[in-house]
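What follows is one structure encoded as structure tokens, with my remarks underneath.
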Amino acid sequence: MRNKVVTKEEAVSQIRSGSAIMVGGFGQVGTPLLLIDELLRQGQRDLTIISNNVGEPGRGLGLLLEHGRIRKAIGSYFTSNPVVGQHYLRGEIEVQLIPQGSFSEAIRAGGAGIGGFYTRASAGTTLAEGKEQKVINGQLYVLEYPLVADVSLIRAYRADTLGNLTYRKTARNFNPVMATAGKLVIAEVDEVVSPGDLDPESIVTPHLYVDFVVQRGMM
Amino acid sequence: MRNKVVTKEEAVSQIRSGSAIMVGGFGQVGTPLLLIDELLRQGQRDLTIISNNVGEPGRGLGLLLEHGRIRKAIGSYFTSNPVVGQHYLRGEIEVQLIPQGSFSEAIRAGGAGIGGFYTRASAGTTLAEGKEQKVINGQLYVLEYPLVADVSLIRAYRADTLGNLTYRKTARNFNPVMATAGKLVIAEVDEVVSPGDLDPESIVTPHLYVDFVVQRGMM
Amino acid sequence: MSDMDFKAIIAARAALELQDGDIVNLGVGIPTLVVNYLPEGREVFMHTENGLLGVGPTPAPDHVDPDLINASKLPVTQTVGCSFFASDESFAMIRGGHIDVTILGALQVDTRGRVANWSVPGKPILGVGGAMDLLIGAKRVIVTMSHTDRNGNPKIVEECTLPLTADRNVNVVITDLAVFKVEPQGLVLTELLSGATLDEVTAKTGARFDVKLVETTTG
Amino acid sequence: MSDMDFKAIIAARAALELQDGDIVNLGVGIPTLVVNYLPEGREVFMHTENGLLGVGPTPAPDHVDPDLINASKLPVTQTVGCSFFASDESFAMIRGGHIDVTILGALQVDTRGRVANWSVPGKPILGVGGAMDLLIGAKRVIVTMSHTDRNGNPKIVEECTLPLTADRNVNVVITDLAVFKVEPQGLVLTELLSGATLDEVTAKTGARFDVKLVETTTG
């Protein structure tokens, strides 16, 4: 039977400079820190990062930012890392800001083959400037386009060797939806089990979305 | 603590004639047959049924159809019940046909506050005639609008008294998404358990979507 | 009045707005304090947009679970009957009208009850988070904020000088001095808090408002 | 040649199109037979749009689970490592390009490789199902059908007289007499099956096609 478990070195070596990379996590919870550290070590640069936050100073995506590896960030809340603001003001990073609900929905659209969707969020605000708007049933909606990535780095709790995934508590957040929208999907997990060990009713990410599984705590 | 478990009589008595009703199930699997039978007994009429199929002759929604209670059916595959064709040809029922993926996505949009979405399905075909189409990234998409209902009748496996739900195997199908898109949501379940008895990681329909729970096999 | 006092007054009054069974999403800051002032026996369900319905109180330091946080990225607990879900599903709940009440902070509120709370003047716009989605999606929106800014200037103004968060008006504005309901014609002062007088509130408010005082319930 | 023979020939040839690890969705009719002809040791994962990844073979009559069916509404089993999900998620997989291969029947195929398979002439259009979603979403589409209709008329035609199912062309057409690949310029005959001659196929085909015969692998 196929086995998608590989080393972090092997998985991350599939990522090229210039890639658009989705990274799961809300704050640092549910963030694939091992994969990010390996990406830092391997040296890929000129990255577009699609992530709700860009880490913290000296931690997670914050490290990639400080090392000048990130060209552009797409997400909803970068304020929590002051380094983003410094890089932005120096013109070292491009930023695209989307309401958090539109952000997660755009990723879902990317994974689900939806060409675009209308949401009320941001309609009539400065954040919608330059976007197509449409009145539907008397209410103003904004057209948002799907987000997709070359690679999705996600953090799950348990994987089976086929690549089925479950998550833990609020570490789930953006991970399952990002698993649907990357051409290459790498999952960092706490535990690897055999097919059949995960309840088929409780698998959150079916294996068809996952390319590689990297187990934490393994060399 | 709140308890959403009621009798089928009580739950179904909330439904008025003229309502738009979503009904879960694929074929007869995962169809809330008890609630449909009670709806037949109580006599509500002039109904718009939003369901993938309209039952079988003499069973499920087929019974409502044969008793002349259905004015309009919205779904993707009515061919499996020949009675639909007979009623349609006699002008007794209006039919709105949507590709199955667009149908389930339109229900999701209804439940998720999406004003409309673009899909490639049916683009350029006769089924898209009269619908807005748009070229996105060089491909033709159709604009589909959300589906919502006055009532959703769904079939789940286990409920807790708060209204959290889990499903069983392929009886899940349209039930979870329909649970998000009805103003009033009634779930017919096999078993009722206490809050805390369902794994919080495995609840498919969180209780905020559910108004009433009806247990099968109870008087 | 100490900073803590004024926050407590606002939070205590906001708690009275919550009805039994409400699904409630609490924003950052004062709103998070509201749970401490719930009337005895009132059961509400706390939703956090990072993927949990059933947020419990802050854990003791030695009971912190690093995978269990709220949208303010603070450690929380989970209640009996809770459920976890991904960010896209969480915002589907928000946009889709499944949250009964959201309580949010604001920088400014205009005479029609529209709020500005996402962008600070003179700083690059690097965070929006879920505020826009909550504002357009929640059934009721309650704003909690200090009546004036740190320089003593009114935060309730004829027109917001900061960019609006949504084109939708909120339902209630609660400050340390007053409660305003938002009616079709605009702000209506309904209560005076903290022993404030009508003259004081008028002096510290930069927008027209009607007055229909009801009995003050706290303060 | 008996009806069973011709179906077996088509299904056996179609099975050779499946690669190790493929995610496969099988339509109603001949496609469901394909699993019986998989080469030894080839591991493919069967997806059914009613919400299961990991469809297993037909159960013995005394092992039928009424909650476990495929999209043809026939009883199936579940494989080790399978997962269940709702219809909206299932079609997100389909539309989003996560299904490697779909095998579908057709009423007609045109010279560009576009198919008509959802609407029968002279009958009211009362069913579309998931065919349109599968046709636009699957990475590869394989059509399996009898070479001619029951009256001996070609089903491969210059232009479909029945309404098209999608504006997208399929990738391979397999009949009881021949295999066509669909290239940018149109149909290319690559194999003769069942001992058919080029003259016979030409006589029974109503559309232009190029010929680039490769070694016949079955029939």
Side-chain angles (χ1 to χ4, degrees), chain A residues 30 99 101-102 104-124 128 131-148 156-158 164-173 175-177 190 198-206, chain B residues 30 99 101-102 104-124 128 131-148 156-158 164-173 175-177 190 198-206:
Chain A
S102 303
S104 54
E105 186 69 12
I107 297 167
R108 181 186 177 279
I114 297 297
F117 62 91
Y118 290 97
T119 174
R120 291 259 305 118
S122 89
K131 291 184 177 175
E132 207 175 316
Q133 300 195 50
K134 186 183 179 83
V135 174
I136 301 171
N137 281 334
Q139 294 218 290
L140 189 64
Y141 286 79
V142 181
L143 176 59
E144 297 280 1
Y145 287 103
L147 285 169
V148 292
Y157 179 46
R158 280 191 169 133
N164 288 306
L165 304 177
T166 64
Y167 301 85
R168 188 168 180 278
K169 304 195 184 235
T170 56
R172 189 183 302 200
N173 57 63
N175 287 297
V177 73
D190 285 9
L198 300 177
D199 176 5
E201 303 282 2
S202 306
I203 288 168
V204 176
T205 297
Chain B
S102 303
S104 54
E105 187 69 13
I107 297 167
R108 182 187 175 278
I114 297 297
F117 62 92
Y118 290 98
T119 175
R120 291 261 303 117
S122 89
K131 292 183 178 176
E132 206 175 316
Q133 300 194 52
K134 187 183 178 84
V135 174
I136 301 171
N137 280 333
Q139 295 218 290
L140 189 64
Y141 286 79
V142 180
L143 176 59
E144 297 280 1
Y145 287 102
L147 285 170
V148 292
Y157 179 46
R158 280 192 171 133
N164 289 306
L165 305 178
T166 63
Y167 300 85
R168 188 167 181 278
K169 304 194 186 235
T170 56
R172 190 184 300 200
N173 57 64
N175 287 297
V177 72
D190 286 2
L198 301 177
D199 176 6
E201 303 283 2
S202 306
I203 289 168
V204 176
T205 297

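Within every chain, numbering begins at 1; the chains are lettered A, B, ... in the order of the sequence lines, protein sequences first and strands thereafter. Just so it is clear, the model here is predicted, and its values are computed rather than measured. Quick note: numbers below take in every heavy atom, side chains included, and nothing from hydrogens, waters or symmetry partners.
- Between Arg158(A) and Leu198(A) there is a side-chain heavy-atom pair separated by less than 4.5 Å.
- Residue Glu144(A): no heavy atom, backbone or side chain, is found under 4.5 Å from chain B.
- Between Lys134(A) and Glu132(B), at least one side-chain N (NZ, or NE/NH1/NH2) sits under 4.0 Å from a carboxylate O, which counts as a salt bridge.
- For a residue to count as touching a neighbouring chain, one of its non-hydrogen atoms must lie under 4.5 Å from one of that chain's; by this rule Ile114(B) touches chain A with backbone and side chain alike.
- Proximity of a side-chain donor or acceptor of Asn175(A) to a complementary backbone N or O of Gly30(A) within less than 3.5 Å is detected.
- By number of non-hydrogen pairs under 4.5 angstrom with chain A, the leading residue of Arg168(B), Arg120(B), Gln139(B) is Arg168(B).
- Proximity to chain B (any heavy atom under 4.5 Å) is shown, for Ile203(A), by neither the backbone nor the side chain.
- The most heavy-atom pairs under 4.5 Å with chain A, out of Arg172(B), Arg108(B), Lys169(B), come from Arg108(B).
- Summarising the geometry of Ala106(A) relative to Tyr145(A), their closest heavy-atom pair is CB-O, 3.5 Å, with the distance given to 0.1 Å.
- Across all non-hydrogen atoms, the minimal contact from Ser202(B) to Ser202(A) is OG-OG, 2.9 Å.
- Using a 4.5 Å cut-off between heavy atoms, Tyr157(A) makes no contact with chain B at all.
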